[in-house]
Amino acid sequence: MILVTQPFLPPEEEYLKYIQGIWKRNWLTNMGPLASQLEMELKEHLNVNNLLFVTNGTVAIQMAIKALELSGEIITTPFSFVATTSSIVWEGCTPVFVDIDLKSLNIDAQKIEAAITEKTSAILATHVYGNPCDVEKIEKIAKKHNLKVIYDAAHAFGVEINGKSIFEYGDVSTCSLHATKLYHSVEGGLIVTSNSELLKKMASIRNFGISGFDSFSELGLNGKNSEFHAAMGLVNLKYINQIHEKRKTLADLYDKKLKNLRAVKPVWHNKSQQNYAYYPLVLENEELLLKIKGDLDKQEIFTRRYFYPSLASALPYLPKLELDFTDDISKRVLCLPLYYDLTLEEVELISRIIIGIQNN
Ligand SMILES: *Cc1c(COP(=O)(O)O)cnc(C)c1O
């Protein structure tokens with residue numbers, strides 16, 4: 001059996017060393033020394049000034065919306081994980097979906113302005129598969145219309161544009177450190193902003209809005225993360241280059257073996273490099289996708305229709321909206337297995353089966 005993804009696990013002893021420290025200190029959560037150390041090491045690794053380690057990537061988005069005091073409508077992409085949209089609704093705002101760009105598969109920045117109304121307060125866009133959005137164009141639009149920008153950068157750990165972290169763009173960027181992601185702390189999330197005041201506010205929101213022994217500064221929630229999760233984050237960070245190299249080798253092999261497949265890959269931002277978080281393919285048509293997925297399923301090789309269906313048509317708490325490119329792409333996109341423990345032989349096998357299905 002080959003799963004579409006498997007979490008990276010470091011050598012057990014290395015994790016246990018950190019756990020012994022936790023036992024000595026008996027400090028389990030609430031911004032403990034390991035959580036602080038992880039924030040420091042991540043700031044250095046990502047080359048960003050302001051970063052918070054939080055419960056998960058979903059709470060990170062909700063905290064960003066709350067801290068920026070957004071209301072009314074938020075322009076967003078229907079081609080993302082459900083948490084991007086549900087966070088908007090959870091915070092009492094209305095998502096306004098804009099169709100995606102057929103090449104990058106990110107929100108089409110050209111179509112954002114037409115969706116702006118007097119109720120629009122922000123743009124919340126996802127760097128899909130780690131591929132940066134058109135951040136320059138989005139920034140221009142936001143400035144012109146006085147809108148805030150949040151990037152759901154859950155897929156974009158380690159991605160840079162022109163040598164600058166992708167997390168530095170927009171008012172706030174959020175990331176997920178969930179076990180299935182490229183880099184993880186079992187469960188976890190990150191918030192990055194270049195605005196230090198905003199960071200302070202989000203740090204307070206993370207801790208129930210408590211500002212002193214008996215005072216509160218704002219409406220908060222519990223967005224903290226534990227020492228056990230921080231420990232996993234610290235150990236895994238030591239392996240990040242190895243993880244990246246391995247994923248690149250596997251993805252390059254897929255590229256080579258699947259070059260005759262009737263499919264295309266997302267067109268990458270021209271000033272950025274891939275982080276190999278996923279291996280997405282847009283197949284020629286849905287029929288070919290279903291044939292490939294069905295046959296692989298039978299052989300216990302699991303792929304994922306990610307993202308399918310469109311968030312603009314699938315959520316029971318929102319009106320249904322058809323969007324040409326999103327509906328088309330979501331029916332044809334398939335992510336192939338890609339994870340650290342996958343072998344080159346397995347990639348060859350999967351590729352051979354896929355090409356066989358196409359040609360048969
Ligand atoms: C994984 C993911 C999230 C949610 O992150 P969690 O840490 O699981 O809460 C949000 N957005 C996108 C695009 C994701 O892939």
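Each ligand, and each atom within it, is numbered from 1 in the order the structure gives.
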Please confirm whether [X] comes within less than 3.5 Å of ligand 1 when only nitrogen or oxygen atoms on both sides are compared.
X    : value
T126 : no
Y278 : no
A83  : no
D152 : yes

Taking the side chain from R247 and the backbone from A277, do they hold a donor-acceptor pair closer than 3.5 Å?
->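 Yes; at least one donor-acceptor contact below 3.5 Å.
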Any donor and acceptor pair, going by atom type alone, linking the side chain of T55 with main-chain N or O of K224 inside 3.5 Å?
->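 Indeed, once roles are kept as given, a pair shorter than 3.5 Å links the two residues.
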Inter- and intrachain pairs under salt bridge (charged side-chain N to carboxylate O under 4.0 Å, His left out), touching residues 139-151, at least two apart =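 The answer is E113-K144, E139-K143.
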Cluster check F81, I107: I/L/V/M/F/W/Y, side chain < 4.5 angstrom |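 F81 and I107: separate clusters.
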Would you mind running through ligand 1 and noting each atom that sits below 4.0 Å from a heavy atom of S80?
->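 Listed by number with element, the hits are 13 (C).
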Give a yes or no on this: more than 12 heavy atoms of other residues, nucleotides or ligands lie within 6.0 Å of atom [atom1] of [X].
X    : atom1 : answer
K164 : NZ    : yes
K111 : NZ    : yes
E44  : CD    : no

Part of E187 within contact of ligand 1 (heavy atoms, under 4.0 Å) =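 The answer is neither.
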Report the part of F79 (side chain from C-beta onward, or backbone N, CA, C, O) that has a heavy atom under 4.0 Å from ligand 1; answer both or neither where that applies.
->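 The answer is neither.
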Tell me whether ligand 1 is touched by [X] - counting only heavy atoms on the residue side and a distance under 4.0 Å.
X    : answer
G189 : no
K181 : yes
Y129 : no

Considering A154, G130, S87, which one's heavy-atom position lies nearest to atom 12 (C) of ligand 1?
->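 Nearest option to atom 12 (C) of ligand 1, by heavy atoms: A154.
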Ring centres under 6.0 angstrom apart (Y239, F8) =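 Yes, ring centres under 6.0 Å apart.
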Nearest protein heavy-atom contact for atom 4 (C) of ligand 1: which residue, which atom, what distance?
->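 Protein heavy atom with the smallest distance to atom 4 (C) of ligand 1: T58 OG1, 3.5 Å.
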